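What you see is a predicted model; the values in this text were computed from it and never measured. Just so it is clear, the values below take in all heavy atoms, side chains as well, and ignore hydrogens, waters and symmetry mates.
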Amino acid sequence: MRRLLLPLRRCRLVAPARSSSDPSAAMQPTLRPVPPSISTSTSSPPHLRSPAAAGCVRFGRRRFSSAAAAAAGGRGEGSSSRESAELLGIPGVGPRNLRKLVDGGFRDLTRLKQLYTDKPVGGSPEKMIQFLQSSVGIIHKSHAESITSFVKDNVVRELNEESEVPVVQSTKDKRITFCVEGNISVGKSTFLQKIANETVELRDLVEIVPEPVSKWQDVGPYHFNILGAFYAEPQRYAYTFQNYVFVTRLMQEKESRGGIKPLRLVERSIFSDRMVFVRAVHEANWLNGMELSIYDSWFDPVLSSLPGLIPDGFIYLRATPDTCHKRMMLRSRSEEGSVTLQYLQDLHEKHESWLLPSQHWDRRLLSTSQLPYSMDHSLHPDIKDRVFYLEGSHVHSSIQKVPALVLDCEPNIDFSQDVEAKRKYALQVAKFFEFVKKLKEASPAQNIGARAKNPQIVLPHSGSLLLHNGSHLSESGLKPLTL
């Protein structure tokens, strides 16, 4: 005899109305499911409940979070629960932020997307973040940024799907990304603002992604300055700071990857973090071996999941540590008061050994005796002696053979006055962009052939060689040396 398998619902016995046609019906109880309003969750804490029932209300085969049901006003309406569950799936939305969004009239993702595209936000991530904080009441800025990034990605994806020709997506696929590297106070901000943002050659071509220093100076609801804490107590905060730097670069990548301009200039990268700054704090014993192992354990997995972090090229802004130290003193950033010339010299050497690998290992010189570069005829004369390819066992596998442009930033130039000098730098970047663009469009076989040429010796600074004390060895002084 078969058993009747009933759904797993709480049921109660309800006597049916009497029927004159069937007197025995009064003796047969019927099974009815308990209404959702009666099916309440247990009062014990969530972590003490059974795994099958923890924090959930069951409706047939659907399960919704108890926080979602609470935000829906406890009405048990399927549509409200689904909308709240949809919001809880957005990064940065927890039970508290969910209630704030619902109370503000944003019950689902559709309403958030409408907020992003309409006034007063008008498609601006910054205005969206500000609105979520000031008008909705989301306290943590990082939560508002995560919500905004998720909503923006959905809006962009839908626009691409609706368009007959996915312009944004095709532009993104062809987009070139350069990471701008260099020592502290070498002039990266000046380069990005004065040269990339104000010249005819670049301003319509470039989207600038500055280093997220403001995020490092304002963390969480208590506005903690992790950058200042690191400089004040490097041994205590070295790993914490480097970890947060990596996180903010991931956030930047997600926020800026939907741009439509053909060239994206990103200030520094996760590679300079690892090859320069993490190395420096580890060698200074501010970051121990265990912390370095933890950092490396997630570096490669995260990188493999976000290929947008791998640039198409590097731009190395190069100047002596003495020059960088003088510029740092002039700009007087409060957190940098404890930064010494010795620390800048250490960072300089690590930039050099990473970006300018030398075949001449006399450590009296700063790894700059040879600058390998491609003899590809497609290189413009203005940059043919300034472009080379990263290679060697010390270079991460993902950036092997990636081209780099070296720009001499030793001279102190007033770009507001010297228009010609500003134009010269802009032209070099524009020519490098055209070269990398052609390289990216070429077949892999052509790329390999172009990069396999013999390295050439190039004098890196005005016909001279940079010495350890910051002075320069003249070209005539190089004649007795065998390089």
Side-chain angles (χ1 to χ4, degrees), residues 91-92 116 121-152 177-198 206-234 237-259 264-270 272-273 276-278 281 306 308-309 317 324 327-328 330-339 347:
Y116 181 81
V121 174
S124 169
E126 292 78 14
K127 291 182 180 179
M128 178 79 163
I129 293 168
Q130 184 180 3
F131 182 89
L132 290 174
Q133 287 192 284
S134 60
S135 299
V136 178
I138 293 177
I139 299 173
H140 295 278
K141 187 177 180 181
S142 59
H143 292 173
E145 290 172 340
S146 298
I147 295 169
T148 299
S149 180
F150 183 88
V151 173
K152 175 187 173 184
T177 297
F178 292 157
C179 289
V180 181
E181 307 287 359
N183 207 340
I184 297 173
S185 291
V186 72
K188 295 183 298 299
S189 298
T190 301
F191 170 81
L192 291 170
Q193 293 301 323
K194 296 294 183 181
I195 297 175
N197 209 30
E198 296 182 1
V206 167
E207 176 192 349
I208 297 172
V209 183
E211 199 164 31
V213 177
S214 61
K215 284 181 170 40
W216 307 341
Q217 296 171 321
D218 186 8
V219 183
Y222 299 105
H223 309 288
F224 189 78
N225 188 338
I226 186 63
L227 176 64
F230 163 67
Y231 281 134
E233 298 180 73
Y237 288 104
Y239 175 78
T240 307
F241 175 62
Q242 293 302 331
N243 179 74
Y244 190 64
V245 167
F246 194 97
V247 170
T248 55
R249 296 209 194 281
L250 299 187
M251 294 165 62
Q252 269 197 326
E253 161 59 24
K254 194 171 183 181
E255 291 166 359
S256 64
R257 66 186 176 188
R264 178 173 58 164
L265 290 181
V266 182
E267 188 175 1
R268 288 213 178 101
S269 65
I270 61 170
S272 53
D273 289 342
V276 177
F277 295 96
V278 171
V281 295
L306 289 172
L309 291 169
L317 307 184
C324 293
R327 291 172 183 169
M328 187 182 69
L330 285 174
R331 79 178 181 185
S332 299
R333 183 180 287 170
S334 59
E335 296 89 353
E336 294 173 347
S338 60
V339 178
L347 295 180

With a 4.5 Å limit on heavy-atom distance, are the side chains of [X] and [Y] in contact?
X    : Y    : value
I139 : Q133 : no
L317 : V180 : yes
L227 : V213 : yes
E336 : R331 : yes
P234 : F241 : no
I147 : I138 : yes

[atom1]/[X] to [atom2]/[Y] distance, rounded to the nearest 0.5 angstrom?
X    : Y    : atom1 : atom2 : value
I208 : R264 : CD1   : CZ    : 13.0 Å
K141 : H223 : NZ    : NE2   : 9.5 Å
M251 : E255 : CE    : CD    : 5.5 Å
I129 : S149 : CD1   : OG    : 8.5 Å
T190 : N197 : OG1   : CG    : 12.5 Å
N243 : Y237 : CG    : OH    : 14.0 Å

| Minimum heavy-atom distance between P91 and F150, given as atom pair plus value | CD-CD1, 3.5 Å
| field | Taking every non-hydrogen atom, the tightest pair across G220 and H140 | value | CA-ND1, 4.4 Å
| query | Charged N to carboxylate O below 4.0 Å: is that the case for R268 and D273? | reply | no
Considering residues at least two apart in sequence or located in another chain, which fulfil the side-chain contact (heavy atoms from CB on, under 4.5 Å) criterion with [X]?
X    : answer
S189 : E267
V219 : F224, I226, Y244
L306 : L250, R257, V302, L309

Would you find a donor on one side and an acceptor on the other, under 3.5 Å apart, between the side chain of [X] and the backbone of [Y]?
X    : Y    : result
K152 : P125 : no
T248 : P212 : no
Y231 : S338 : no
N183 : V186 : no

| request: Using a cut-off of 6.0 Å, state whether more than 12 heavy atoms not belonging to K254 lie near its atom NZ. | output: yes
| said: I'd like to know if the side chain of Q252 pairs up with that of E211 as donor and acceptor (distance under 3.5 Å, no hydrogens or angles considered). | reply: no
| task | Show your working on salt bridge (Lys or Arg N to Asp or Glu O under 4.0 Å) between E145 and K215 and close with a plain yes or no. | result | CA-CA 11 Å; E145 290 172 340; K215 284 181 170 40; 3.1 Å; yes
| said: Assess the residue pair R249 and S269 against the criterion (side chain to side chain contact (heavy atoms under 4.5 Å, CB included)); give the C-alpha distance rounded to whole Å, side-chain angles, the decisive distance to 0.1 Å, and a yes or no. | reply: CA-CA 7 Å; R249 296 209 194 281; S269 65; 5.6 Å; no
| request: For V281 and F230, run side chain to side chain contact (heavy atoms under 4.5 Å, CB included): C-alpha distance rounded to whole Å, both residues' side-chain angles, the deciding distance at 0.1 Å, then the answer. | output: CA-CA 10 Å; V281 295; F230 163 67; 3.8 Å; yes
